[in-house]
Enquirer: 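Can you keep this structure in mind? I'll have questions shortly.
Naming: A, B, ... by sequence-line order, numbering from 1 per chain. Quantities reported herein were computed from a predicted structural model and do not represent experimental measurements.
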2 protein chains.
Amino acid sequence: MAEQHELREKGLRLTPQRELVLTAVRELGHATPEEVAEKVRQTHPGINLSTVYRNLETLENVGLVQHTHLGHGGATYHAAEELTHLHLVCGKCGAVGDAPIDVAANFVQTLADDYGFKTDVTHFAIYGLCAACNVKN
Amino acid sequence: MAEQHELREKGLRLTPQRELVLTAVRELGHATPEEVAEKVRQTHPGINLSTVYRNLETLENVGLVQHTHLGHGGATYHAAEELTHLHLVCGKCGAVGDAPIDVAANFVQTLADDYGFKTDVTHFAIYGLCAACNVKN
DNA sequence: TTGTAACTGCAAATAATTGGCGATTAGTGT
DNA sequence: ACACTAATCGCCAATTATTTGCAGTTACAA
């Protein structure tokens with residue numbers, strides 16, 4: 001019993017649905033619950049949306065995924081491992097780009113020093129225009 | 001007819017509801033549609049939520065207000081004049097603090113230079129812990 | 001005034017998310 | 001291998017947030 005599945009290590013039961021949701025989040029990078037469900041259904045059609053929501057919540061509780069409010073409508077989820085970058089959300093085309101967090105290191109430090117505000121980089125969403133949209137604007 | 005009301009200047013009809021919504025947004029600093037409605041109802045009880053939603057949208061179209069997705073659930077609106085600061089959203093207590101945009105100037109510049117991403121500072125929401133929550137944490 | 005398009009209120013329609021509950025199933029102990 | 005129990009699932013009704021259709025009202029120009 002040396003090999004413990006990562007989900008079991010967190011005290012969670014290892015169900016196919018759960019595993020599929022986690023895998024989907026990892027493969028998608030970032031996605032809404034709806035998108036995760038769609039992805040999962042490609043291999044497991046019967047899965048219920050509620051199940052996806054509940055598993056996302058559960059997985060978030062144990063720290064395997066996180067959610068952010070990138071834009072309109074819904075939250076988007078991404079794997080915890082992925083939390084090494086910022087999300088650059090294009091307000092025009094909706095594309096989500098990435099940038100390493102250290103581009104913000106200085107900024108974060110300033111906020112901490114001057115405002116006592118401890119920025120949560122994992123919850124960072126930045127709006128603007130992506131390079132592509134910027135050109136044709 | 002020298003004095004044109006700001007709303008009329010934008011080509012909008014000057015209705016009491018519209019004016020109240022705009023005033024409420026300005027007084028509240030930032031608020032959800034729900035909160036705006038509540039505020040407006042203090043002086044004009046009959047106003048309908050749809051009307052608030054529609055006016056916020058209309059006012060946003062002409063550039064008098066803007067919205068951001070500060071947290072969960074809903075968008076929050078604020079007056080366009082107010083757009084000289086960043087929003088520091090506390091993930092714990094929900095408080096929304098402000099910081100002048102120039103603390104981000106450097107950061108914004110980096111994103112522009114390195115990623116071609118044109119950051120929209122008016123749509124900036126930063127998550128973390130506010131000073132108060134940070135202490136007792 | 002009077003006409004007309006903009007605007008409002010209301011109620012029903014959507015969309016997104018959550019909660020209840022009986023049926024199922026993973027994981028434990030035998 | 002078998003039974004047990006709580007975790008989890010699927011289905012579906014309930015919320016919550018926002019949007020839309022439409023008929024009645026109103027701002028404002030002529």
Enquirer: Is the shortest heavy-atom distance from the side chain of A:Leu22 to the side chain of A:Leu64 under 4.5 Å?
Expert: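 Side chain of A:Leu22 against side chain of A:Leu64, heavy atoms only: contact under 4.5 Å found.
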
Enquirer: Send over the distance from A:Glu57 CD to C:dG19 P, rounded to a whole Å.
Expert: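 Nearest whole value for this atom pair: 8 Å.
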
Enquirer: Using a heavy-atom distance cut-off of less than 4.0 Å, which residues of residues 47-54 of chain B contact DNA chain D?
Expert: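 The stretch gives B:Ser50, B:Tyr53, B:Arg54 as the residues lying under 4.0 Å from the strand, ordered by number.
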
Enquirer: Check the distance between D:dA7's C1' and A:Glu19's CD and give it to me in whole angstrom.
Expert: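 About 16 Å, once rounded to whole Å.
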
Enquirer: Closer to the 5' end of DNA chain C via nearest nucleotide, is it A:Pro33 or B:His44?
Expert: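 Closest to the 5' end, via its nearest nucleotide, is B:His44.
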
Enquirer: Atom NZ of A:Lys10 and atom C1' of D:dA7: how far apart are they, to the nearest Å?
Expert: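 Distance check: A:Lys10 NZ to D:dA7 C1' gives 19 Å.
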
Enquirer: For DNA chain C, report each stem as range with range, ordered by first number, or say none. Use Watson-Crick or G-U wobble pairs under 3.5 Å, at least 3 in a row.
Expert: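 In DNA chain C, stems of three or more pairs: C:1-30 with D:1-30.
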
Enquirer: Rounding to a whole Å, what distance do you find between A:Asn55:CG and D:dG10:C1'?
Expert: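 After rounding, the reported distance stands at 12 Å.
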
Enquirer: Starting at CZ of A:Arg41 and ending at P of D:dC9, how long is that distance when rounded to a whole Å?
Expert: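 These atoms are roughly 14 Å apart.
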
Enquirer: Could you name each residue pair satisfying ring-ring contact (aromatic ring centres under 6.0 Å, His included) that touches residues 7-27 of chain A, not counting sequence neighbours?
Expert: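 Sorted result for residues 7-27 of chain A: empty, none.
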
Enquirer: Using the test ring pair (Phe, Tyr, Trp, His ring centres under 6.0 Å), find all partners of A:Phe107 that sit at least two apart in sequence or belong to another chain.
Expert: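 By the ring pair (Phe, Tyr, Trp, His ring centres under 6.0 Å) rule, A:Phe107 matches B:Phe107.
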
Enquirer: Using a cutoff of under 3.5 Å, can you pull out all pairs of nitrogen or oxygen atoms linking the protein to nucleotides 26-28 of chain D, with atom names and distances?
Expert:
unit_1 : atom_1 : unit_2  : atom_2 : d
D:dT26 : O2     : B:Arg13 : NH2    : 2.7
D:dA27 : O4'    : B:Arg13 : NH2    : 3.3
D:dC28 : OP1    : B:Arg8  : NE     : 2.9
D:dC28 : OP1    : B:Leu14 : N      : 3.1

Enquirer: Excluding sequence neighbours, so at least two apart, what forms side-chain hydrogen bond (donor to acceptor under 3.5 Å, both in side chains) with B:Asp114?
Expert: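 Testing B:Asp114 for side-chain hydrogen bond (donor to acceptor under 3.5 Å, both in side chains), a comparison that skips the adjacent residues, returns none.
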
Enquirer: Only counting residues at least two apart or in another chain, list the ones meeting side-chain hydrogen bond (donor to acceptor under 3.5 Å, both in side chains) with B:Gln17.
Expert: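 Testing B:Gln17 for side-chain hydrogen bond (donor to acceptor under 3.5 Å, both in side chains), a comparison that skips the adjacent residues, returns none.
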
Enquirer: Round to a whole Å and report the spacing from NE2 of A:His5 to C1' of C:dA26.
Expert: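 Answer to the nearest Å: 13 Å.
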
Enquirer: Got a sec, which residues hit side-chain hydrogen bond (donor to acceptor under 3.5 Å, both in side chains) with B:Asn48, two or more places apart in sequence or on another chain?
Expert: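 For B:Asn48 the side-chain hydrogen bond (donor to acceptor under 3.5 Å, both in side chains) partners, ignoring immediate neighbours, are B:Ser50.
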
Enquirer: Which residue pairs satisfy the ring-ring contact (aromatic ring centres under 6.0 Å, His included) criterion with at least one member in residues 36-58 of chain B, sequence neighbours excluded?
Expert: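 Every pair satisfying ring-ring contact (aromatic ring centres under 6.0 Å, His included) with a residue in residues 36-58 of chain B: there are none.
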
Enquirer: Under the ring pair (Phe, Tyr, Trp, His ring centres under 6.0 Å) rule, collect the residues that match up with A:Tyr77, sequence neighbours excluded.
Expert: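 If we apply the ring pair (Phe, Tyr, Trp, His ring centres under 6.0 Å) test to A:Tyr77, skipping adjacent residues, the hits are A:His67.
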
Enquirer: Would you mind listing every side chain to side chain donor-acceptor pair (under 3.5 Å) that reaches into residues 20-29 of chain A, with sequence neighbours excluded?
Expert: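 Those involving residues 20-29 of chain A are A:Glu6-A:Arg26, A:Arg26-A:Glu81, A:Glu27-A:Lys39.
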
Enquirer: Please report the distance, rounded to the nearest Å, between NE2 in B:His67 and P in D:dA17.
Expert: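 Going from B:His67 (NE2) to D:dA17 (P), I get 16 Å.
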
Enquirer: Starting at CD of B:Glu34 and ending at P of D:dT15, how long is that distance when rounded to a whole Å?
Expert: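 Going from CD in B:Glu34 over to P in D:dT15 covers 16 Å.
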
Enquirer: Give a yes/no on whether any side-chain N or O of A:Gln17 is located under 4.0 angstrom from OP1 or OP2 of C:dT25.
Expert: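 So the side chain of A:Gln17 is outside the cut-off, no N or O lying under 4.0 Å from OP1 or OP2 of C:dT25.
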
Enquirer: Does the B:Glu35 side chain pair with the main chain of B:Thr32, one donor and one acceptor, at a distance under 3.5 Å?
Expert: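 Yes, because the side chain of B:Glu35 sits within donor-acceptor range (under 3.5 Å) of the backbone of B:Thr32.
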
Enquirer: Please list all pairs meeting salt bridge (Lys or Arg N to Asp or Glu O under 4.0 Å) that have one or both residues in residues 100-113 of chain B, counting only residues at least two apart or in different chains.
Expert: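 Counting only pairs at least two positions apart or across chains, no salt bridge (Lys or Arg N to Asp or Glu O under 4.0 Å) contact touches residues 100-113 of chain B.
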
